[in-house]
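First comes the structure, then the notes that go with it.
In this text the structure is predicted, and so the values were computed from the model without any measurement.
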Amino acid sequence: MNARLRGTAAVLAGLCLLVGPVACEQAGGGHAPGGPGSGGAPQIGVLFPDDNWRFRHFDKPLIKKKIHELCPECKVEAVNSQHDVATQQAQMDAMITKRVDALILDANDPKAMRTPVENAHRAGIPVVAYDRLAEGPISGYVSFDGAKVGRLQGEALLRALGKKAHGGQIVMMNGAATDPNSAWFRQGALSVLQGKVRIGKAYNTAGWRPEFANANMSAAIAALGADRIDGVLSANDGLAAGIISALKAAKIDPLPPVTGQDAEIAAIQRILTGEQYMTVLKPFKPEADGAAAMAVALARGKTLGGIATHKVDSPTTRGIPAVLLTPVPVTVHTIKDTVIKNGMYTIDQICTPKFAAACAKAGLTT
């Protein structure tokens with residue numbers, strides 16, 4: 001959206017505060033919650049933070065598919081902001097201007113997206129927070145139990161450390177400080193790790209970027225010593241890739257156990273070869289289905305009573321209807337019963353020629 005349109009949207013949002021939603025509806029600045037802005041087919045906007053492997057191959061197609069199953073006439077527009085907060089704010093402003101009927105938002109920066117969420121609310125457009133809980137008057141939230149994710153990572157790391165699970169030294173590579181999920185994961189992990197291992201270095205990784213995790217890990221190796229790192233609590237698989245690259249560049253052999261999250265196919269392959277110890281599977285289909293069901297219901301003016309099973313609080317809003325799903329740990333011994341069994345990947349997708357020997361050793365192929 002250009003600067004002039006953003007200015008217009010801001011003026012209309014300010015008028016809404018002064019004269020109320022009915023006047024705004026009559027002035028064309030919004031529409032009644034749950035009602036199609038144009039009187040035609042419901043329109044649902046989906047905003048992703050980037051176009052990474054996960055969003056491109058799972059979340060985006062799964063959300064669109066479920067929306068069209070529940071609402072064949074619905075129109076869906078999905079965009080990504082390539083990690084840029086200002087771009088995502090502008091994308092949301094544009095969708096508000098288009099008078100969409102509901103939004104699904106995976107916020108780059110949940111705090112920074114508070115004002116666009118408030119603008120959507122004033123325009124009568126419900127917002128479903130996806131994966132990350134954005135601030136502002138969110139209408140629904142779908143994600144995984146983040147504390148459970150962190151506990152699974154911490155428990156797995158302790159098992160991998162063996163005798164060093166008491167008194168060993170680890171590096172903790174958290175996600176972005178701007179992402180409330182990062183704190184959720186961290187708290188869950190610390191509930192398991194505190195009092196058992198020493199955290200030699202801990203980092204927040206800006207934007208969840210693997211290259212920053214790589215730089216942070218290199219700094220940790222320099223500060224602690226290559227032979228004094230017994231394990232790495234990595235918040236997700238992308239960070240794990242950067243961490244493992246730094247460990248290998250420092251010629252650390254054998255590699256210390258490294259955790260992960262998201263069950264990316266590259267992470268599953270690293271687990272097979274022993275470079276990564278574990279990951280956490282968050283089945284994307286139930287999450288995508290939940291967000292799609294919420295968005296369709298809200299676009300049609302219905303409540304979330306039959307969909308939401310929990311209530312959560314954000315720093316700005318209490319009692320948000322939520323679906324919180326259960327994460328699953330994955331190690332080399334459970335690949336077949338997790339990511340393969342649930343249809344996330346096939347054996348052929350995982351066991352390319354490069355990984356044929358590792359797959360045979362793990363019992364995935366004959």
Side-chain angles (χ1 to χ4, degrees), residues 50-54 82-83 149-150 153-154 156-165 167-179 182 185-186 189 193 197-280 329-332 335 350-359 361-362:
D50 56 54
D51 189 35
N52 68 17
W53 167 91
R54 172 187 164 179
Q82 299 297 351
H83 290 289
V149 171
Q153 292 172 331
L157 187 58
L158 290 179
R159 284 194 298 272
L161 289 173
K163 293 179 181 179
K164 294 181 179 179
Q169 180 166 250
I170 70 165
V171 173
M172 195 165 192
M173 198 72 65
N174 304 306
T178 55
D179 183 349
S182 297
F185 303 146
R186 177 179 173 274
L193 298 172
V197 295
R198 289 177 290 120
I199 300 173
K201 288 289 183 180
Y203 301 90
N204 294 322
T205 313
W208 289 91
R209 303 293 285 269
E211 60 269 32
F212 295 149
N214 179 274
N216 290 340
M217 193 66 218
S218 296
I221 294 167
L224 301 175
D227 59 345
R228 298 190 62 196
I229 297 171
D230 300 310
V232 184
L233 194 294
S234 171
N236 80 353
D237 293 334
L239 303 188
I243 290 163
I244 291 165
S245 178
L247 292 169
K248 292 166 79 172
K251 302 188 185 309
I252 295 176
D253 186 22
L255 293 173
V258 179
T259 66
Q261 177 186 180
D262 288 334
E264 294 186 3
I265 194 164
I268 298 299
Q269 292 166 334
R270 288 193 298 268
I271 290 170
L272 282 167
T273 61
E275 292 183 345
Q276 184 170 326
Y277 179 69
M278 65 85 70
T279 186
V280 177
V330 182
T331 66
V332 70
I335 291 172
I350 296 170
C351 298
T352 58
K354 180 179 177 180
F355 301 98
C359 283
K361 184 179 179 180

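- A donor-acceptor pair under 3.5 Å is absent between the side-chain atoms of S245 and the main chain of A241, judged by distance alone.
- When all heavy atoms are compared, the tightest approach of G207 to H83 is O-CE1, 3.6 Å.
- Residues T279 and T259 are not in side-chain contact: their nearest non-hydrogen atoms beyond the backbone lie 4.5 Å or more apart.
- Atom CD1 of residue I229 and atom NZ of residue K201 lie 10.5 Å apart, to the nearest 0.5 angstrom.
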Derivation and outcome, side-chain contact (heavy atoms from CB on, under 4.5 Å), residues N236 and F185 = CA-CA 10 Å; N236 80 353; F185 303 146; over 6 Å; no
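- Taken from CD in E211 to CG in L239, the straight-line distance is 10.0 Å, to the nearest 0.5 Å.
- To the nearest 0.5 Å, atom CD1 of residue I265 and atom CG of residue D237 are 11.5 Å apart.
- Between V280 and D262, every side-chain heavy-atom pair lies at or beyond the 4.5 Å cut-off.
- In this structure, E275 contributes its side chain and L255 its backbone to no donor-acceptor pair below 3.5 Å.
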side-chain contact (heavy atoms from CB on, under 4.5 Å) evaluation trace for T205 with F212 = CA-CA 6 Å; T205 313; F212 295 149; 3.8 Å; yes
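- The shortest distance between side-chain heavy atoms of V258 and L247 falls below 4.5 Å.
- Separation of atoms NZ (K164) and CG (L157) is listed at 12.0 Å; rounding is to 0.5 Å.
- By the 4.5 Å heavy-atom criterion applied to side chains, I170 and L193 are counted as neighbours.
- A donor-acceptor pair is defined here as one N or O able to donate and one able to accept, closer than 3.5 Å; no such pair exists between the side chain of E264 and the backbone of A266.
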Give the intermediate values and the outcome of side-chain contact (heavy atoms from CB on, under 4.5 Å) for residues Q169 and V197.
-> CA-CA 6 Å; Q169 180 166 250; V197 295; over 6 Å; no
side-chain contact (heavy atoms from CB on, under 4.5 Å) between L233 and V171, intermediate numbers included | CA-CA 6 Å; L233 194 294; V171 173; over 6 Å; no
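- A donor-acceptor pair is defined here as one N or O able to donate and one able to accept, closer than 3.5 Å; such a pair exists between the side chain of Q269 and the backbone of I350.
- With contacts defined as side-chain heavy-atom distances shorter than 4.5 Å, the pair V330/I335 qualifies.
- One distance of note links CG of L224 with CG of D230; it measures 10.0 Å at 0.5 Å rounding.
- Nearest heavy atoms, Y277 versus A156: CE2-O, 3.3 Å.
- In this structure, CD1 on I199 lies 5.5 Å from CE on M172, to the nearest 0.5 angstrom.
- Between the side chain of N174 and the backbone N or O of N204 there is no donor-acceptor pair closer than 3.5 Å.
- Taking a 6.0 Å sphere around CZ of R270, one finds it holds more than 12 heavy atoms contributed by other residues, nucleotides or ligands.
- Between A362 and V332, the closest heavy-atom pair is CB-CG2, 4.0 Å.
- Looking at every heavy atom in both residues, Q276 comes nearest to G260 through NE2-CA, 3.7 Å.
- Residues that satisfy the side-chain contact (heavy atoms from CB on, under 4.5 Å) test with D179, not counting sequence neighbours, are R132, A176, N181, S182, W208.
- Nearest heavy-atom pair across A246 and M217 is CB-CB, 3.7 Å.
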